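Please read all numbers here as calculations on a predicted model, not as lab measurements.
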Amino acid sequence: KGENGAVTILNPLTGDLFLSIVHKSVFVGQKRGENLAIEKAADAIKSWIQSIPQNERPKKIIVTRSRFRPKLNAVLSDPSISVIATDLNLVVSQLLNHSRLGALRTDATSNVSHRL
């Protein structure tokens with residue numbers, strides 16, 4: 001049956017949380033679901049970066065899953081932004097256990113982004 005995917009982006013300078021929902025219909029019939037999820041997450045981050053004014057764009061992105069780093073580097077193709085993985089055990093996915101954030105994810109009927 002599947003469930004909606006989510007990409008969480010935390011901007012430490014502003015404290016803003018961006019939540020991008022990838023609707024489960026994107027994954028229907030796909031045999032390479034995990035790779036597709038990584039691609040969709042990288043695309044969501046690229047879209048978020050492009051929505052920010054040039055002078056406010058991050059110089060460094062820290063990812064919590066090291067297997068995600070190569071794909072994000074390839075999608076960004078911006079040498080001014082470095083993508084690094086962290087050894088810290090940041091449980092960003094636990095944010096989705098919050099009732100409001102979880103509801104945004106489970107109730108989504110299409111791909112959508114939220115700024116919280």
Side-chain angles (χ1 to χ4, degrees):
K1 188 175 177 179
E3 60 183 34
N4 295 335
V7 178
T8 52
I9 302 169
L10 178 63
N11 185 341
L13 294 177
T14 62
D16 289 339
L17 176 68
F18 298 89
L19 182 65
S20 180
I21 308 297
V22 180
H23 191 261
K24 61 186 172 187
S25 64
V26 171
F27 303 104
V28 171
Q30 297 292 329
K31 293 183 182 186
R32 52 184 196 94
E34 186 173 334
N35 288 338
L36 182 61
I38 289 171
E39 289 174 19
K40 293 297 181 184
D43 289 341
I45 292 172
K46 181 179 180 179
S47 296
W48 171 72
I49 290 173
Q50 290 174 338
S51 73
I52 299 172
Q54 184 72 29
N55 61 338
E56 296 178 16
R57 291 184 182 172
K59 301 292 181 225
K60 185 185 297 183
I61 295 176
I62 301 170
V63 298
T64 56
R65 295 186 181 175
S66 59
R67 68 178 183 262
F68 178 60
R69 192 173 63 96
K71 187 59 167 181
L72 186 57
N73 268 325
V75 168
L76 289 179
S77 65
D78 185 346
S80 67
I81 300 175
S82 63
V83 180
I84 60 172
T86 181
D87 291 333
L88 294 174
N89 187 14
L90 301 173
V91 192
V92 178
S93 61
Q94 291 299 315
L95 289 172
L96 297 174
N97 286 341
H98 185 281
S99 60
R100 180 175 166 212
L101 298 178
L104 287 174
R105 178 182 176 203
T106 57
D107 297 345
T109 58
S110 64
N111 293 349
V112 64
S113 295
H114 301 278
R115 180 179 177 184
L116 308 164

Locate the shortest heavy-atom distance separating I45 from I61; write the atom from each residue and the value.
-> CG2-CD1, 4.2 Å
For the hydrophobic clusters of this structure (ILVMFWY residues joined by side-chain heavy atoms under 4.5 Å, transitively), does one cluster hold both L17 and V112?
-> yes
Compare every heavy atom of L19 with every heavy atom of A6, then report the nearest pair and how far apart it is.
-> CB-CD1, 4.0 Å
Sorted by chain and residue number, the side chain to side chain donor-acceptor pair (under 3.5 Å) partners of R67 (sequence neighbours excluded) come out as E34
Criterion side-chain contact (heavy atoms from CB on, under 4.5 Å) on T8 and L10, from CA distance to verdict | CA-CA 7 Å; T8 52; L10 178 63; over 6 Å; no
With side-chain contact (heavy atoms from CB on, under 4.5 Å) as the test, would you mind laying out the steps for I49 and D78 before giving the verdict?
-> CA-CA 11 Å; I49 290 173; D78 185 346; 5.8 Å; no
Please answer whether the main-chain N or O of L116 pairs with a side-chain N or O of H114 as donor and acceptor at a distance below 3.5 Å.
-> no
Is L101 linked to F18 within one hydrophobic cluster, defined over Ile, Leu, Val, Met, Phe, Trp and Tyr using a side-chain heavy-atom separation of less than 4.5 Å?
-> no
For H23 and N111, the nearest pair of non-hydrogen atoms, with its separation, is N-OD1, 2.6 Å
Would I62 and I9 show up in the same hydrophobic cluster when neighbours are defined by side-chain heavy atoms closer than 4.5 Å?
-> no
Any chance CG of D87 has more than 12 other-residue heavy atoms, nucleotides or ligands included, within less than 6.0 Å?
-> no
Out of curiosity, H98 NE2 to L104 CG, how far, rounded to the nearest 0.5 Å?
-> 10.0 Å
Hey, what do you get for CD1 (I81) to NZ (K46), rounding to the nearest 0.5 Å?
-> 10.5 Å
Working to the nearest 0.5 Å, report the span between CD1 of I21 and OG1 of T106.
-> 8.5 Å
Smallest heavy-atom separation, A42 atom then K71 atom, equals CB-CG, 4.2 Å
Is it the case that more than 12 heavy atoms not belonging to R57 sit under 6.0 Å from its CZ atom?
-> yes
OG1/T14 to CZ/R115 distance, rounded to the nearest 0.5 angstrom?
-> 6.5 Å
Stepwise side-chain contact (heavy atoms from CB on, under 4.5 Å) test for V83 and F68 = CA-CA 10 Å; V83 180; F68 178 60; over 6 Å; no
Separation between OG (S82) and NZ (K59), nearest 0.5 Å, reads 10.0 Å
In short, W48 meets P58 closest at the heavy-atom pair CZ3-CG, 4.2 Å
To the nearest 0.5 Å, how far apart are NZ in K24 and OG1 in T109?
-> 10.5 Å
Should V7 and L76 be counted in the same cluster of Ile, Leu, Val, Met, Phe, Trp and Tyr side chains packed under 4.5 Å apart?
-> yes
ILVMFWY cluster, I38 and V75 together (side-chain gap under 4.5 Å) | no
